Asks: 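Before I ask anything, here is the structure I am working with.
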Amino acid sequence: MSIRIFPNKQPNVHEAIDIYCDLGWGKFQDYNLEIWKRAFDNSDFISAYDENKLVGFVRLISDGFHDTQVLEFVVTSKYQRRGIGKSLIEELKDKWGHTDIYCNTVDENTDFFLNNGFNRNRLVSISKAKFK
């Protein structure tokens, strides 16, 4: 496994949606690719690759000065618990740590973010039911 983190690399929308589906966030055919492509074009990314395969990413928006909002933070199930999420967070802190970083997460991932330096009042918990 040779994981590389890219701080400014927008992933391919198809590959990203494959990860969403792997994590139980719906079925591929339920995603409107045109809308998601537009959303991706208006977002910043930190992406993790194993060779040429996308294995995780952070999608965020930031004013670059005061606030950064993490919209999605995902690592495909096969690659979880290998330090990739921690590496993505370190890159997030390096690039946007001068801003207030807020993050949406599901309840079961709260401890991961708290253990990696997030403050509870900067985490917004969302229901997993949204993705079913």
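Throughout, residue positions are numbered sequentially from 1 according to the sequence presented. Computed from a predicted model, the values in this text were never measured in an experiment.
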Asks: Between F40 and Y20, what is the ring plane arrangement, given parallel below 30°, perpendicular above 60°, and tilted in between?
Replies: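 F40 vs Y20 ring planes: perpendicular.
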Asks: Report the relative orientation of the aromatic rings in F118 and F113; use parallel for angles under 30°, tilted for 30 to 60°, perpendicular for over 60°.
Replies: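 Perpendicular: the ring planes of F118 and F113 meet at over 60°.
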Asks: I need the L92 CG to I5 CD1 distance, nearest 0.5 Å.
Replies: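 Separation between the atoms: 11.5 Å.
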Asks: Within the 4.5 Å heavy-atom criterion, are S47 and Q10 side-chain neighbours or not?
Replies: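 Answer no - side chains too far apart.
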Asks: Taking E34 first and then K37, would you say they form a salt bridge - that is, a charged N and a carboxylate O separated by under 4.0 Å?
Replies: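 No, this pair does not count.
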Asks: Can you tell me how far CD1 of I84 sits from CG of D50, rounded to the nearest 0.5 angstrom?
Replies: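 So the gap between those two atoms works out to 7.5 Å.
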Asks: Below 4.5 Å, heavy atoms only, C-beta onward: do W96 and V58 meet side chain to side chain?
Replies: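 With C-beta onward as the side chain, the pair stays apart.
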Asks: Does the side chain of L23 come within less than 4.5 Å of Q80's, by heavy atoms?
Replies: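 Yes. Closest side-chain heavy atoms under 4.5 Å.
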Asks: Can you find a heavy atom in the side chain of F57 that is under 4.5 Å from one in the side chain of V74?
Replies: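 Yes. Closest side-chain heavy atoms under 4.5 Å.
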Asks: Between atom CD1 of I46 and atom CZ of R59, what is the distance when rounded to the nearest 0.5 Å?
Replies: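 Separation between the atoms: 13.5 Å.
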Asks: If we ignore angles and hydrogens, is there a donor and acceptor under 3.5 Å between the side chains of K95 and N8?
Replies: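 Checked: K95/N8 side chains pair up, N/O donor to acceptor below 3.5 Å.
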Asks: Is the terminal nitrogen or CZ of K9 (NZ for Lys, CZ for Arg) located under 6.0 angstrom from the six-membered ring centre of Y49 and within 45° of that ring's axis?
Replies: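 Yes - K9 lies over the ring of Y49, closer than 6.0 Å to its centre and within 45° of its axis.
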Asks: Take atom CG in N115; do more than 12 heavy atoms of anything else shown fall under 6.0 Å from it?
Replies: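 Counting other residues, nucleotides and ligands, CG of N115 exceeds 12 neighbours.
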Asks: How many angstroms lie between atom CG of D44 and atom OG of S62, to the nearest 0.5 angstrom?
Replies: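 Atom-to-atom, D44:CG and S62:OG are 7.0 Å apart.
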Asks: Heavy-atom count check: over 12 atoms from other residues, nucleotides or ligands less than 6.0 Å from K93 NZ?
Replies: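 Count over threshold, so yes.
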